[in-house]
Amino acid sequence: MKQNRIFRIALVFYLISGMGCSVSGFSFTPKMDSIQIVFDDQQLILPGESFRIGIISYYKNGKIRKTVGMSGGNAWWWRYKVDVSGGTNFSGRIEVNEQLVPSKGKYLDIKAYPRKQPELAKELLLPLNYETRIEYRPVTGFDKAPGTQIKGELLTEFNNGQKRICTNLRNSREADFFQFSVDGGLWKNGRFTIEPDFTRIVDHRAALIVNSLRNESVADTFTVRLDYKHAYDLHFRGSAGGAGLWGADGSSGSSGNHGYHGQDGQNGESGSDGPEIGVWTDLYRDSVLNCDLLYVYAQNLWSGEEFRYLINPDGGKLDVSSNGGSGGSGGVGGRGGNGGDGPEGEKWIEKHIEKRTVKKPVTKIVVRKEKQKKTDSEGKEYEVEVDVEVAETVYVDEVIEVVVEEVKQGPGGDGGNGGWGGAGGLGGPGGYGGDITLYFTADAMPYRHLIVAHSDGGSGGMHGSGGHGGSGGRGGNGNPNGNSGSSGQWGPSVAGWADSGHHGQIRIQSTEEFFYYQTAQGQ
């Protein structure tokens, strides 16, 4: 109790001292004379973001106190009331409403005063910041060709001279304050991708347009002039063959019976052949880029699917392949069933009579000498010895006949043999590589080394292994015990893999000029 009282006194002293009171004589320090709202103008005031303010209090005795968060500040924020028009306050951190977009020309109105002296209220009108310049710039090198993906960052400059770099444009809170649009490309997941179909690109140019939502008069256009110096890939492959199903395990044999054999694993399916491909190449002079370009038209002759490319001979190329599908692996053979345990030998009871000697109690009358005391005529005691008959129990041997039961057991049954494992399935052969024919016009023929073709057969599937043989059953208990069954043999299997498919043929032929390219025009 005494300790609690001391604690309460200390707590009162702390609160009084914290409220600016003097303990001696309980004389209060002078009240505040005025306050000042301070703000570092190097901070950005942006919708959806926060910044800090501080309050400096001036007392009539010349003392100055600053709010917590400022250098040397020790005045708690609960002493002050802060109202924000266009935002919210939490201990001097002002959160700006996201709805104040666009922010150019808009203000925050901050009003603060001591809770006990509202007459000292001060008001601060702060203009919101906004971008004065934005610039999208790539952060890695990239090929200027259709389908190229460009990762970039956004450099922003604000009206107070501050700069920022937004590096995460994918689902970024910063990126939400910009609008991204494209011309000749795609914007997805924070990355700019050049349109894969060059026929949809106007004058070989792709552009990303970035608009500021905080200042709608500020925008940036990132433009790429395509040069088609890119290593293109066009790959086809036959579908892989399905793997063979595993053989089912054989079931175990019942008592004394053999286990069932495991089923054979199925063969793997053959891989499909690669499709037949035709590739036509023509050379033309592009007036926009002022250079020679190869126009390449390729077709999957089985499906009719078409592909088109522009290739700059100075650094570009096309790698085309049509490979066979891999063969499926063979199924593993099923495990043989275990042999059933042998049955126990038959049991029975035999009876016979035996003579046994047992101790039998018998009662006999015997005479024993015993001393007794008597008194004569003169009253004197004397002892006399007399004969006394006593009954005694004695044990004598007696031979009797008893019936004895004896348990007998016949020989135990033999255990069943384990079933044989199933054979492993064969792997499927690989598919053949598809034939590829490369056609070149006379002026494109010197560049035939830039169109590289491959046609490899698919790899063969791995052969399945044979199944385990089942375990033999144990011999049954008996007299004597039965013999245990033998284990089943492993299923047969072929080591290695099936044959790979053959390579397809690569042919080079001449063709007449077929391409007359006209640069796409804007709408």
Side-chain angles (χ1 to χ4, degrees), residues 142-149 193-199 226-243 268-284 292-329 427-441 443-462 497-511 514-515:
F142 62 93
D143 288 350
K144 300 174 182 179
T148 297
Q149 189 177 84
T193 302
I194 299 174
E195 167 64 48
D197 184 359
F198 73 87
T199 64
L226 278 62
D227 60 15
Y228 302 99
K229 296 179 180 181
H230 181 68
Y232 298 94
D233 292 311
L234 180 60
H235 296 309
F236 300 91
R237 178 178 291 277
S239 59
E269 296 178 350
S270 300
S272 299
D273 298 337
E276 185 177 354
I277 305 299
V279 181
W280 288 263
T281 305
D282 197 355
L283 183 73
Y284 82 98
D292 290 335
L293 293 179
L294 292 171
Y295 171 78
V296 179
Y297 169 80
Q299 186 179 38
N300 181 336
L301 300 179
W302 285 6
S303 68
E305 189 176 9
E306 298 177 339
F307 307 88
R308 292 175 175 81
Y309 304 92
L310 287 182
I311 301 175
N312 192 326
D314 183 18
K317 65 177 183 178
L318 171 64
D319 188 279
V320 58
S321 64
S322 180
N323 300 324
S326 302
S329 58
Y432 285 20
D435 294 340
I436 301 176
T437 305
L438 306 179
Y439 300 91
F440 295 91
T441 61
D443 52 0
M445 187 64 75
Y447 302 103
R448 61 182 179 275
H449 63 282
L450 300 179
I451 313 298
V452 181
H454 308 274
S455 179
D456 299 325
S459 59
M462 185 177 182
W497 287 264
D499 294 336
S500 296
H502 296 299
H503 300 317
Q505 293 185 1
I506 308 296
R507 294 184 291 264
I508 298 179
Q509 296 183 10
S510 299
T511 186
F514 60 91
F515 177 68

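Remember, predicted model here, so these are calculated numbers, not experimental data.
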If I take atom OG1 from residue Thr441 and atom OH from residue Tyr284, how far apart are they, to the nearest 0.5 angstrom? 13.0 Å
Measure the CZ-OG1 distance between Phe142 and Thr193 for me, rounded to the nearest 0.5 Å. 11.5 Å
Mutual orientation of the aromatic rings belonging to Tyr297 and Trp280 [parallel < 30°, tilted 30-60°, perpendicular > 60°]: tilted
Counting neighbours of OH on Tyr432 that are heavy atoms of other residues, nucleotides or ligands and sit closer than 6.0 Å, is the number greater than 12? no
Mind checking the CG-CG spacing from Asp233 to Leu318? Nearest 0.5 Å is all I need. 7.5 Å
Check whether any side-chain N or O of Glu269 sits under 3.5 Å from a backbone N or O of Gly241 as a donor-acceptor pair, and report yes or no. no
Student check: side-chain heavy atoms of Asp282 and Asp443 closer than 4.5 Å: yes
Within the supplied structure, the quantity of interest is the number of heavy atoms (other residues, nucleotides, ligands) at a distance under 6.0 Å from Arg448 CZ; does it exceed 12? no
Above 12 or not: heavy atoms from other molecules or residues under 6.0 Å from CG of Asp197? yes
Nearest non-hydrogen partners of Leu438 and Ala453, listed with the distance: CD1-CB, 4.2 Å
Mind checking the OG1-CD1 spacing from Thr437 to Ile277? Nearest 0.5 Å is all I need. 10.0 Å
Heavy atoms only: give me the nearest Lys317-Ile311 pair and the separation to one decimal. N-CG2, 3.6 Å
If we only count heavy atoms from C-beta on, is the Tyr439 to Phe514 side-chain gap below 4.5 Å? no
Do you know the tightest heavy-atom contact between Leu234 and Ala298? CD2-CB, 3.6 Å
Calculate, to the nearest 0.5 Å, the distance between atoms CZ and CH2 belonging to Phe236 and Trp302 respectively. 11.5 Å
Side chain Ser322, main chain Pro275, donor-acceptor under 3.5 Å: yes
Looking only at heavy atoms, the pair that brings Pro146 and Tyr232 closest together is CD-OH, 3.5 Å
Keeping the roles fixed (side chain from Asp435, backbone from Gln505), state whether a donor-acceptor pair exists under 3.5 Å. yes
Does the side chain of Phe440 come within less than 4.5 Å of Thr511's, by heavy atoms? no
Closest approach of His235 to Ser321 (non-hydrogen atoms, all atoms of both residues): ND1-OG, 2.6 Å
Rounding to 0.5 Å, atoms OG1 (Thr281) and OH (Tyr447) come to a distance of 12.5 Å
His454 versus Asp319, side-chain donor and acceptor atoms under 3.5 Å: yes
Could you tell me whether the side chain of Thr148 and the main chain of Asp143 form a donor-acceptor pair under 3.5 Å? yes
Of all the heavy-atom pairs spanning Gly434 and Ser455, show the shortest one and how long it is. O-OG, 2.6 Å
